[in-house]
2 protein chains.
Amino acid sequence: MVLSSRQLLILQVIIDEFIQSAQPIGSRAISKKEGISYSPATIRNEMADLEELGYLEKTHSSSGRIPSEKGYRFYVDHMLLPFHLSEKDQKLISAVFDYEYVDFEQVVQKSVEVLSDLTNYTSIILGPEVFEARLKQLQIIQLSKTSAVAILVTNKGHVEHRSFTIPAEISGSDLEKLVNILNEKFYNIPIIQLHSRMQVEIGNILNSYITNVNLALKYLHGALFSQQPDNYYMSGMTNMLLQPEFNDVEKVHSIYSIIEKEDLMIDLLRATEQGLKISIGQENKIDEMQDLSLIKATYSLSGEQLGTIALLGPKRMDYSRVVSLINLLSNQMSKTFTDW
Amino acid sequence: MVLSSRQLLILQVIIDEFIQSAQPIGSRAISKKEGISYSPATIRNEMADLEELGYLEKTHSSSGRIPSEKGYRFYVDHMLLPFHLSEKDQKLISAVFDYEYVDFEQVVQKSVEVLSDLTNYTSIILGPEVFEARLKQLQIIQLSKTSAVAILVTNKGHVEHRSFTIPAEISGSDLEKLVNILNEKFYNIPIIQLHSRMQVEIGNILNSYITNVNLALKYLHGALFSQQPDNYYMSGMTNMLLQPEFNDVEKVHSIYSIIEKEDLMIDLLRATEQGLKISIGQENKIDEMQDLSLIKATYSLSGEQLGTIALLGPKRMDYSRVVSLINLLSNQMSKTFTDW
DNA sequence: ATTAGCACTCGAAAGAGAAGAGTGCTAACA
DNA sequence: TGTTAGCACTCTTCTCTTTCGAGTGCTAAT
């Protein structure tokens, strides 16, 4: 069953209007729209058909129509017009990349903010995946007899650091030796392999130099990897409060309880495929996200996928503008990172 | 005008009950309370007096009473009983300090979380002030021809880092020299002085070694200080949604709009005096905080004030438990930091 | 000084009615 | 045959009452 062009037109008008107003749309309102030359009665017939096909819904038996999830899906798949971003939008986005002293974190932080500001939705970005980077330098700086900072720098400029107390069994000079050997031996290996190779490859070598090798390794490892790196950035959570569909504290709370579960969101965002993906309502598979849409796009460095940038808002989202914004932003991010 | 002991008792019961129930308290309910042996009529008379004195309010002409801000203030100043924390609370708090690998950030992060979890209010902590620390080591690690990471480590184990692009006019070896000289010259000076002394003291010395000194200094400085250090930690914002007084999206939004203004909150929290301070409703001087109470306490390292730990919730707060929790936590923080 | 009694006030909840937006269906029309 | 006018019907929303109960303030009795 394929839709007639008139049905398409009416569907489009209803979705566009509903995205604007958040109110059910009636036949009379549609017939008065520019570009529509049918009477309300005709439109009512078409709406009834569209409803039967599953693209529209009613809130009650004599209400106007609102888009169903299937309607949104169709809209997103087949009716998304290329949106022309305003000068202002474009400027605000490029401003993110205009700074002299920049690093990944700063750019990502600014990106997530500009995205939530421009859309009035909640924006989330997964930062560059540290473990894909390679070891540039490892360092231990002793602060006192019993405490030190371990610092790890990757070839992509990411820095991880952690303070720790030096156990009595390990001397400062032993730690230093350990670090020297690790730096020499493991320069430029992927961080993700560091853990396993630390155990396997150098235990023997070190035994001759250092007492308590295992303890020292354990400590060093604990210091560096005890916490997952914070590459999760979110902005505009309160924007949810502005959406009329969430004008009830109950709903807000249920949504926030999901958004706050960082692990869950990371799982949700971690992109499988390159490119842009839209999940509408129940497509998200999570009860609390039934009324939400998630739009995510990947960004990359020299073609290699680096992270995900995403937007969370009501199903009634301004998809066409939002998609343009995300595309522009993710492309700019990719470009900037690759240029460095 | 001093309150009679019966008035005190009634005031206490009303505030305690209201903190529990969030409902206006009537005379009959009070007279049935254990420890009260007066008839409702007697209590009504006392309540009328307490209202005239400004300690109580009515929500409408025939409602029960609720505490006024003056009532809360009196309660907090004169009626706060030492609260015996449950085993569970105490355990959860000490668990924060029980880890093997710890640094400031981790402890602060965990503290802010445990505090909001235990209270169901919003918790904020100002982390240790970096600029009071001293320079332990400065380092530049070159990542490529045109990019590098600058890392600054303080004697307190704080690490600041920033990536930057190396301008064409400056050679890598010059940067290295610069860092060496800075390390030698400025070891152990307070970070806060680093900026000015960099300008004044070593410009001359460096001129002979390095071309483009000023540019290099400018870059290094920009890299290290371009961003304020993130020593602001917050947790439990969504807890506000659980409070019956904020069951209206409007109110939540106005509160969140304030909480999100990091600068403003930092100003509000930065403690002038050592110790614990409670600000109730209008005492906060901020319109949007009329319905909120703020409790803040300082923590310190060897007696030297280090930061602030605070709790934000409705005026109807469980002051006595909350004060005990904050005191315990801030003391533990001070103790832990001093022990290191 | 305390308390019982009582009239009164106000909010919350429930119900009734009117208005209005919108539908579905039927029959007329081009 | 596709389109439209007309009309009965449905359902929400708003407003107006009514009722109920909790709680007060005041007066008079203890």
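Each chain gets a letter, A, B and so on, in the order the sequences are listed, and its residues count up from 1.
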Is the distance from OP1 or OP2 of D:dT3 to the nearest side-chain N or O of A:R6 less than 4.0 Å?
yes

Interatomic distance where CG belongs to A:L56 and C1' belongs to C:dG24 [whole Å]
16 Å

Within this structure, what is the CD1-to-P distance between B:I25 and D:dA22, rounded to whole angstrom?
15 Å

Would A:E57 and A:R65 count as a salt bridge (charged side-chain N to carboxylate O under 4.0 Å, His left out) if you check the C-alpha gap in whole Å, the side-chain angles of each, and the deciding distance to 0.1 Å?
CA-CA 5 Å; A:E57 283 173 359; A:R65 299 304 203 293; over 6 Å; no

Is B:K70 close enough and on-axis enough to B:Y55, meaning under 6.0 Å and within 45°, for cation-pi?
yes

Which one, D:dT3, C:dT3, C:dA21, comes nearest to the side chain of A:S62?
C:dA21

Between B:K33 and B:E17, does at least one N-O distance fall below 4.0 Å, as a salt bridge requires?
yes

Would you mind reading off the distance between B:R44 atom CZ and D:dT27 atom P, rounded to a whole angstrom?
14 Å

Nucleotide C:dT2, atom P - distance to CD1 of B:I36 in whole Å
13 Å

CD (B:E69) and CD (B:Q282) are apart, to the nearest 0.5 Å, by 4.5 Å

Whole-Å distance between C:dC10 P and B:Q23 CD?
20 Å

C:dG24, C:dT23, D:dT4: which one has an atom nearest the side-chain heavy atoms of A:S39?
D:dT4

Mind checking B:T42 for me? I need base, sugar-phosphate or nothing, with any heavy atom below 4.0 Å counting as a touch.
base

Contact class for A:T59 (heavy atom, under 4.0 Å): base, sugar-phosphate, or nothing?
nothing

Does B:R65 place a side-chain N or O at less than 4.0 Å from the phosphate oxygens OP1/OP2 of D:dA22?
no

Below the 4.0 Å mark, does D:dT10 have OP1 or OP2 next to a side-chain nitrogen or oxygen of A:S61?
no

So how far is it from B:N45 CG to B:L50 CG, rounded to the nearest 0.5 Å?
11.0 Å

May I ask you to evaluate whether B:R28 reaches the phosphate of C:dA4, defined as a side-chain N or O under 4.0 Å from OP1 or OP2?
no

Is any side-chain N or O of A:K58 closer than 4.0 Å to OP1 or OP2 of D:dT12?
no

Rounded to the nearest angstrom, tell me the gap between atom CG in B:N45 and atom P in C:dT3.
10 Å

Take the protein atom CD of A:E57 and the nucleotide atom P of C:dT23, then report the distance between them rounded to whole Å.
15 Å

Between B:S63 and D:dG23, is there a contact of a side-chain N or O with OP1 or OP2 at under 4.0 Å?
no

Here the distance between atom P of D:dA5 and atom OH of A:Y38, to the nearest Å, is 15 Å

